[in-house]
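This is a predicted model, so every value here is computed, not measured. All ligand and atom numbering here is 1-based and tracks the order in the structure.
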Amino acid sequence: MGRLEGKSAIVTGAGQGIGRGIALVLAREGARVAVVDINPDTAASTAKEIEARGGRAIAIRCDVGIRSEVDSAIAATAEAFGSIDILVNDAQRIIGEINVEDLTDDVVHQSMQSGFMGTFYFMQGCFPYMRASGGKIVNVGSAAGTDGMARWGAYAATKEAIRAITRVAAKEWGKYGINVNAICPASMTPAIEAWRKNCPDDYAASLAHFPMGRYGDPEKDIAPAVLAMVSSDFDFVTGQTVMVDGGASVLR
Ligand SMILES: NC(=O)c1ccc[n+]([C@@H]2O[C@H](COP(=O)([O-])OP(=O)(O)OC[C@H]3O[C@@H](n4cnc5c(N)ncnc54)[C@H](O)[C@@H]3O)[C@@H](O)[C@H]2O)c1
């Protein structure tokens, strides 16, 4: 029997990369998973993969930065599965390589809307479903935020805003048995592949910070940590950030 048997989960940004890995692992452990992504094709493909492996999933196209779409996604999940016990806010429009003096309103808006506002909308929308019998929320930050990575101002600020609301909600919702935590991952994904292609020197230099000499794998390295965080193993842990990064943050 899986560790999440009987639970229902929403994973945003689950069409590819880290979100996909998390969706696959939660489903493997018995959770019914709503695979949410702005890209309907990749969302459908992850959901199909889950079903092909014997799990249960629905695919939902949703721009997490639009509240009405988030509300519809939450309603569709509750309708399909009857409850919402787990929320993983992974979706993010990743925009970087811009100095602070060159950041435009549009770049900051896109980053905040897809990252912070999407996380906030889903947390608020899922709260009524978790209030009665508890729940687990995992949000996704970044070492770009904790370190203050040069040329990643909008993204770094977005990720720190996400970690801030994680701590605040943990304080407010602890009494309802809702655990709210965050991860800062480091994993090979389509986003990192694109960065490696565009900025090969930065990518090569980044590897020097990895005690294990590599980026993680979404399914094998990142998702198992999230699985622990959404299981009863984390019943007494809330408001925390877990660096799931092969120790990269230790060496910086
Ligand atoms: N890969 C890493 O090493 C790393 C490091 C630090 C933080 N992160 C964070 O981890 C998360 C996943 O990163 P990844 O590398 O897998 O990225 P990715 O770009 O490969 O995947 C992100 C997914 O989110 C979806 N998405 C983007 N905007 C959306 C929106 N508005 N609504 C719904 N879906 C949307 C994309 O379609 C995509 O499927 C992100 O929050 C990212 O900031 C990743």
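- Looking at Lys136 and Asp233, no side-chain N of the basic residue comes within less than 4.0 Å of a carboxylate O on the acidic one, giving no salt bridge.
- Side-chain contact between Val33 and Val11 is present, with heavy atoms from C-beta onward closer than 4.5 Å.
- Less than 4.0 angstrom separates some heavy atom of Cys62 from each of these atoms of ligand 1: 32 (N), 33 (C).
- Residue Ala191 has at least one heavy-atom neighbour below 4.0 Å for each of these atoms of ligand 1: 15 (O), 17 (O), 18 (P), 19 (O), 20 (O).
- The heavy atom nearest to atom 37 (O) of ligand 1, considering only Asn39, Asp37, Thr189, is found in Asp37.
- For Tyr215 and Tyr203, the ring centers sit closer than 6.0 Å to each other.
- Taking every non-hydrogen atom of Ser142 and a distance limit under 4.0 Å, the qualifying atoms of ligand 1 come out as 6 (C), 7 (C).
- Counting only heavy atoms of the protein, atom 23 (C) of ligand 1 lies nearest to Gly13 O, 3.6 Å.
- Heavy atoms of Pro218 found under 4.0 angstrom from ligand 1: none, in either backbone or side chain.
- The closest donor-acceptor contact from the side chain of Asn179 to the backbone of Val237 lies under 3.5 Å.
- A salt bridge is absent between Lys7 and Glu29: the closest approach of a Lys/Arg side-chain nitrogen to an acidic carboxylate oxygen does not fall below 4.0 angstrom.
- No salt bridge links Glu101 with Arg151; every basic N to acidic carboxylate O contact stays at or beyond 4.0 Å.
- Counting the atoms of ligand 1 from 1 in the order shown, those under 4.0 Å from a heavy atom of Ala91 are 24 (O), 33 (C), 34 (N), 35 (C).
- Residues Lys197 and Glu193 are not paired through a salt bridge, judged by the lack of any N-O separation under 4.0 Å between the basic side chain and the carboxylate.
- Under 4.0 Å from ligand 1, not a single heavy atom of Met188 appears.
- For a threshold of 3.5 Å applied to N or O pairs, the pair formed by Ser114 and ligand 1 contains no separation below that value.
- Contact between Asp63 and ligand 1 is present, with at least one heavy atom of the residue lying under 4.0 Å from the ligand.
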Working note: Arg163 + Thr241, criterion side chain to side chain donor-acceptor pair (under 3.5 Å); need CA distance, chi angles, decisive distance, verdict. CA-CA 8 Å; Arg163 290 198 326 118; Thr241 297; 2.8 Å; yes
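- From the protein, the heavy atom lying nearest to atom 43 (O) of ligand 1 is Tyr155 OH, 2.6 Å.
- Counting only heavy atoms of the protein, atom 27 (C) of ligand 1 lies nearest to Gln92 O, 3.4 Å.
- The distance from ligand 1 to the heavy atoms of Gly17 drops below 4.0 Å at these ligand atoms: 16 (O).
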Begin from the C-alpha positions of Tyr155 and Trp152 and carry the test ring pair (Phe, Tyr, Trp, His ring centres under 6.0 Å) through to its verdict. CA-CA 5 Å; Tyr155 177 75; Trp152 285 80; 5.4 Å; yes
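- Heavy atoms of Ala14 stay at 4.0 angstrom or farther from ligand 1.
- Ligand 1 is never approached by Thr42 to a heavy-atom distance shorter than 4.0 Å.
- The closest protein non-hydrogen atom to atom 3 (O) of ligand 1 is Ser187 N, 2.8 Å.
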Step by step, work out the side chain to side chain contact (heavy atoms under 4.5 Å, CB included) result for Val226 and Ile183. CA-CA 8 Å; Val226 175; Ile183 59 165; 3.9 Å; yes
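- The shortest heavy-atom distance from Arg20 to ligand 1 is not under 4.0 Å.
- Looking at atom 40 (C) of ligand 1, its nearest protein heavy atom turns out to be Asp90 O, 3.2 Å.
- Paired with Tyr121 under the rule side-chain hydrogen bond (donor to acceptor under 3.5 Å, both in side chains), one option of Gln113, Arg67, Glu69 passes, and it is Gln113.
- If you number the atoms of ligand 1 from 1 as listed, the ones under 4.0 Å from a heavy atom of Gly141 come out as 7 (C).
- Taking distance alone, with nitrogen or oxygen atoms compared against 3.5 Å, Ile94 stays at or beyond that limit from ligand 1.
- Atom CG of Asp105 has 12 or fewer neighbouring heavy atoms from other residues, nucleotides or ligands inside a 6.0 Å radius.
- Counted by atom type alone, Ser8 and Tyr129 present zero donor-acceptor pairs between their side chains at under 3.5 Å.
- Those atoms of ligand 1 that come under 4.0 Å of a heavy atom in Ile192, given as number and element, are 1 (N), 2 (C), 3 (O).
- Looking only at heavy atoms of the protein, atom 10 (O) of ligand 1 is closest to Val140 CG1, 3.3 Å.
- In this structure, the protein non-hydrogen atom closest to atom 44 (C) of ligand 1 is Ile18 CD1, 3.7 Å.
- Looking from atom 4 (C) of ligand 1 to the surrounding protein, the closest heavy atom is Pro185 O, 3.8 Å.
- Checked against a 3.5 angstrom limit, the closest N/O atoms of Ile38 and ligand 1 fall inside it.
- Using a non-hydrogen distance threshold of 4.0 Å, Pro190 registers as a contact of ligand 1.
- More than 12 non-hydrogen atoms from other residues, nucleotides or ligands lie less than 6.0 angstrom from CD of Glu5.
- For ligand 1 and Ala186, the ligand atoms under 4.0 Å from any heavy atom of the residue are 3 (O).
- In terms of modelled atom types and a separation under 3.5 Å, the side chain of Ser45 and the main chain of Asp41 share no donor-acceptor contact.
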With side chain to side chain donor-acceptor pair (under 3.5 Å) as the criterion, how do Thr104 and Asp106 come out once you've worked through the C-alpha distance, each side chain's angles and the decisive distance to 0.1 Å? CA-CA 5 Å; Thr104 61; Asp106 185 48; 5.2 Å; no
